[in-house]
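Reading through the C-alpha cells given below for one structure.
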2 protein chains.
Amino acid sequence: MKPTIYDIAKAAGVSTATVSKVLNNSGRISEKTKIKIREIMEDLRYQPNVLASAMKGKGTFQIALLIPDVENPVYAQYLKHIENRGQEQGFSVVMCCTDDNPDKEARHISLMRNKQVDGFIIASQFKNEELLKELLEDKVPIVLFAHEKQDILVDSVTVDDCFGGVIATEHLISLGHKRIGIVAEDTVSSHERIRGYKFALQKAELPYDEKFIQIGGTKMEDAEHAAGKLFSSANRATAIFGTNDLMAFGVMRAARKHQIAVPQELSIIGFDNTPMCSIVSPELTSVAMPVSDLGKKAMDLIIHKIEGNDDIKQRILLLPHLVVRDSTSAI
Amino acid sequence: MKPTIYDIAKAAGVSTATVSKVLNNSGRISEKTKIKIREIMEDLRYQPNVLASAMKGKGTFQIALLIPDVENPVYAQYLKHIENRGQEQGFSVVMCCTDDNPDKEARHISLMRNKQVDGFIIASQFKNEELLKELLEDKVPIVLFAHEKQDILVDSVTVDDCFGGVIATEHLISLGHKRIGIVAEDTVSSHERIRGYKFALQKAELPYDEKFIQIGGTKMEDAEHAAGKLFSSANRATAIFGTNDLMAFGVMRAARKHQIAVPQELSIIGFDNTPMCSIVSPELTSVAMPVSDLGKKAMDLIIHKIEGNDDIKQRILLLPHLVVRDSTSAI
DNA sequence: ATGAAAGCGCTAACAC
DNA sequence: GTGTTAGCGCTTTCAT
C-alpha cells in the first residue's frame, strides 16, 4: 500500500498534524523534527494524495481546457502552450473537445465541476451564454481564450485581430498593392481582421470595394471557390488576404488552377502562422499570434483567479506580428 | 454552497446511505423513494462530488495521456480520438506533454499518481524503462500507444508499421517503379516501415540496394537534404518513400529545387496521412493509420484494465491503409 | 513546538 | 427497504 501521513507520523513518532505541517510548511515546527520527517518521507517514498487535500479545500490543481478541435493546428498550439505553462506552475490541464457543440460544452462543464477542477479556460465559441453567466455567478474561475464576449463581464486573453488585419494589409500596401481581396470565414475573429483591413485601406487613402470581399465557409474548398470568384472579375485583385491560413491555402490552390503565378501575379497572405506555412510552396506569408505568450498569460490569469484574487476583470489583448515568407512580393 | 448527499437526505427525510444507493443504484430501494430522491436531486441541482467518491476507492475517471508534442499533427490526432472515446465512456483525459524528455515523463507520472488518475496511456517514447517496470509492478494500469516495447510485458495498441511499409512499397511497385528510395528518420517505427519495404521488394523479386536508403534527422530540412543526396546519384530512384509525411514533404521540396516534376519524373509517398497531405501540391499519397480505431481501442483497453481485469496482457496491432492522391503515378 | 480531534462528501458493511 | 456507522487521507483549529 502507498504510505499515508499516518505511516509517516507513526514512523516519526509524531502526530499527523505535525507531518501535515511540514508538508505544507505551515505552523511552527522545529528544524530537527522537520528534517527527520522529511527523511522518513523519502525513505518510505511518501507521496501526498492530492485528492484528500483537495477535499479539504485546497483545490485539485487541475484546470479544464475547452477547445473545439485539437486536430486544428491553431488549437493544438493553444493547448501546447497552456499545458506548458501549467506544468511550470504545477497545474494539469484536462482536455475537453467540444466540436463547437453546445451540448458537449455543457456536459463537459458539468462533469468537470463534479471533478472539482479549479477553473476553466474556454477557447471554444461557447454559444451558451446562459451557462456562462451561471458559472460566473457561482464564482467559478473562468478565462476566455482567443475570443471575447463583448457584452459579458468576464476575463479574457485574446489576440488583437483587428491589429492583425491592419498589419497584413499594410504589408500588402507597402508592396505596392492597391486592389486587395479578402477571403474570410464568417466568424467574429474574421470580421475583426476585416475591420483592420478596412482601417488600413482608409489610412492609406485607398478605396474600399465590397466586391473584393468574400465571406463564406470555413473549409479550404470554400476558400478555393471564393477565390475563383475573385479571379473572374475584371480588374482583379493583385493580392489576397486569407483571414486564416486555411483560407489562404485555398486561395493558393485556386491560383494554381487558374495558372496565376504566386507571388509574381498574385500575393497571398494568411493568418495564424501554422506550421504548414513553411511546407507549402511558395511558403506562405502569415500573421503570427504570440501563442506562447497567450498561453502563458491565460494560465497565469486563471491561476490568479483561482488563488482568490477575484478583484477586477481584465481583457488582455496581445499583438500579433508579421512573418514574411515567399507568397507576397512587390507588384 | 453546493448541496451534498446530506442536504438531499435531509430534504427527503432519509439517510445518506439511501441517497448514495440511488446514486449508484445499488442495494434495494423502493421505487417510491427512488423517484422522490431523484426529484429532490433535480430540484436542488445536486451534483455528486467525484473527489469524495474517488477517495472511497471508486476512481477518478481520469486517465493521463503522455505525448511528446501536441503540435505534431500525428499526436494531435491521437489525442483527439482518445479524448473522444473517453468522453463516450465517462473518462476525462489529462494532457501531459513530455517533449520526449525523460525527466518530464517522470515528473508527470509522479504528479499524476498523486492526483490519482486511474491509468496511463503512454504515446511517447518513454526511454525510462526502470520507471515503466516500477509502474507495472505497482499494478498501475498502463497502455502503450503507437509504439511497443518488444522486451517488456505491457499492453499496447499500435499500428502495424511493417505492413504499412509493405503497402506503400507495393503501391509504388504496382505503378512500375523499380528503383525506390527511402528517406527516414531514425526511430523504431521508421525501421519497421523500412522492414516492410524490404519485404515488399523481396516479394516482387526486386533487388535491395543500400544506396537508396537515407536515414537521418526528424526535420523536414533533414529530409530535404537526404533527398538531395538521392537525386545526385547516377541511375536515381524513380520513386521515394518518406517514412512519415514530414519526410515526404522534405522530399517534395527537394524535388522542386532540383526541378524534378512530381509525379511525372518522381513519385513520392508519405506516411501518417496528416491533414497537410491535401494542402500541398501535388497532394501527397500517404499511408493512413486508423487513428480513430486506435484511439478507441486504447481507451477501451485502459478502461478494461482499470476495471480490474488484469488478466492477460495484449498487443493490439491495427492495419494501416493506403490513401492515393496525386504525388504517385506510373513511371 | 506539538497533538487531539473534527470533518471534507461519499461509500459500504452490517444491523434492523 | 432503510439506517448506523466507520472510515478514505488529509487539514486545521484549539489545546497543551
Side-chain angles (χ1 to χ4, degrees), chain A residues 1-38 40-41 44-62 110-118 307-308, chain B residues 1-38 40-41 44-62 110-118 307-308:
Chain A
M1 250 341 258
K2 279 188 67 174
T4 72
I5 23 171
Y6 270 90
D7 302 315
I8 308 296
K10 198 184 297 172
V14 298
S15 79
T16 60
T18 309
V19 178
S20 174
K21 277 169 197 150
V22 343
L23 217 45
N24 303 283
N25 45 67
S26 59
R28 275 186 302 284
I29 310 286
S30 72
E31 249 345 274
K32 222 177 69 190
T33 44
K34 213 179 258 186
I35 292 177
K36 184 166 161 205
I37 291 180
R38 292 238 171 82
I40 297 186
M41 285 178 173
L44 269 51
R45 297 156 163 277
Y46 170 74
Q47 299 287 135
N49 180 332
V50 177
L51 255 45
S53 102
M55 277 206 57
K56 295 296 293 183
K58 304 248 289 179
T60 53
F61 293 88
Q62 298 201 141
S110 162
L111 188 58
M112 286 302 119
R113 291 190 73 182
N114 299 345
K115 292 193 179 173
Q116 311 286 109
V117 299
D118 295 337
E307 283 169 349
Chain B
M1 251 339 262
K2 280 187 67 173
T4 70
I5 22 171
Y6 270 90
D7 302 315
I8 306 296
K10 199 184 295 170
V14 299
S15 79
T16 60
T18 310
V19 179
S20 173
K21 275 169 197 148
V22 343
L23 217 46
N24 303 285
N25 44 69
S26 57
R28 275 188 307 281
I29 311 285
S30 72
E31 251 340 277
K32 224 178 66 190
T33 44
K34 214 179 255 187
I35 292 178
K36 184 166 158 202
I37 291 181
R38 292 239 172 82
I40 298 186
M41 284 178 172
L44 269 51
R45 297 157 163 277
Y46 169 74
Q47 299 287 136
N49 181 331
V50 177
L51 255 47
S53 103
M55 278 205 58
K56 294 294 295 186
K58 303 249 289 180
T60 53
F61 294 89
Q62 299 201 142
S110 162
L111 187 58
M112 286 303 119
R113 292 191 72 182
N114 298 345
K115 292 195 179 173
Q116 310 286 112
V117 299
D118 295 337
E307 283 169 350

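Residue numbers begin at 1 in each chain, while the letters A, B, ... track the order of the sequences. Treat the numbers as computed from the prediction; the structure is a model and nothing was measured.
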Taking the side chain as everything from C-beta on, heavy atoms only, tell me whether B:Thr4 gets closer than 4.5 Å to B:Lys10. no

Write down the distance between CG (A:Asn25) and C1' (C:dA1), rounded to a whole number of angstrom. 15 Å

Classify the side chain of A:Lys56 versus the base of C:dG7 as yes if they form a donor-acceptor pair under 3.5 Å and no if they do not. yes

Regarding B:Thr33, tell me which of base, sugar-phosphate or nothing describes its non-hydrogen contacts under 4.0 Å with the strands shown. sugar-phosphate

Would you mind telling me which of C:dG3, C:dA1, C:dG9 lies closest to the side-chain atoms of A:Thr18? C:dG3

Nearest-angstrom distance from the residue atom NZ of B:Lys58 to P of C:dG9: 18 Å

Once you round it to whole Å, what is the distance between P of D:dG3 and CZ of B:Arg28? 14 Å

Let me see the working for B:Val50 and B:Gln62 under side-chain contact (heavy atoms from CB on, under 4.5 Å), right down to the final yes or no. CA-CA 11 Å; B:Val50 177; B:Gln62 299 201 142; over 6 Å; no

I want to verify a distance call: between C:dG3, D:dG9, C:dG9, whose nearest atom is closest to the A:Lys21 side chain? C:dG3

Consider only side-chain N and O atoms of B:Lys58 and B:Asn24, and report whether a donor and an acceptor are under 3.5 Å apart. yes

If the cut-off is 4.0 Å, is B:Tyr46 near the phosphate of C:dC10, judged by side-chain N/O to OP1 or OP2? yes

Whole angstrom value for the distance that separates P of C:dC10 from CD1 of B:Ile8: 9 Å

Return the 5'-most residue of the pair B:Glu31, A:Ser53 with respect to DNA chain D, ranking by each residue's nearest nucleotide. B:Glu31

Using a 4.0 Å heavy-atom cut-off across all strands, classify B:Ile5 as base, sugar-phosphate, or nothing. base

Provide, to the nearest angstrom, the distance between the CG atom belonging to A:Leu23 and the P atom belonging to D:dG9. 15 Å

Closer than 4.0 Å, any side-chain N/O of B:Ser15 to the OP1 or OP2 of D:dG3? yes

C:dG9 C1' sits how many Å from A:Arg113 CZ, rounded? 16 Å

Ranking D:dT2, D:dC10, C:dT2 by distance to the side chain of A:Ser30, first place goes to C:dT2

Closest approach to the side chain of B:Ala17, judged atom by atom: which nucleotide of D:dT11, D:dC10, D:dG3 is it? D:dG3

Taking B:Lys34 for its side chain and B:Asn25 for its backbone only, find out whether a donor-acceptor pair lies under 3.5 Å. no

Under a 4.5 Å cut-off applied to non-hydrogen side-chain atoms, are A:Gln47 and B:Arg113 in contact? no

Look at the side-chain N and O atoms of B:Ser20 and state whether any lies under 4.0 Å from the OP1 or OP2 oxygen of C:dT11. yes

Which is more 5' along DNA chain C, the nucleotide nearest A:Tyr6 or the one nearest A:Lys34? Just name the residue. A:Lys34

Between D:dC8 and A:Asn49, is there an OP1 or OP2 to side-chain N/O distance shorter than 4.0 Å? no

May I ask you to decide if B:Gln116's main-chain N or O and B:Thr60's side chain share a donor-acceptor pair within less than 3.5 Å? yes

Whole-Å distance between C:dT11 C1' and B:Ile29 CD1? 13 Å

B:Lys2 NZ to C:dG9 P, in whole Å, measures 10 Å

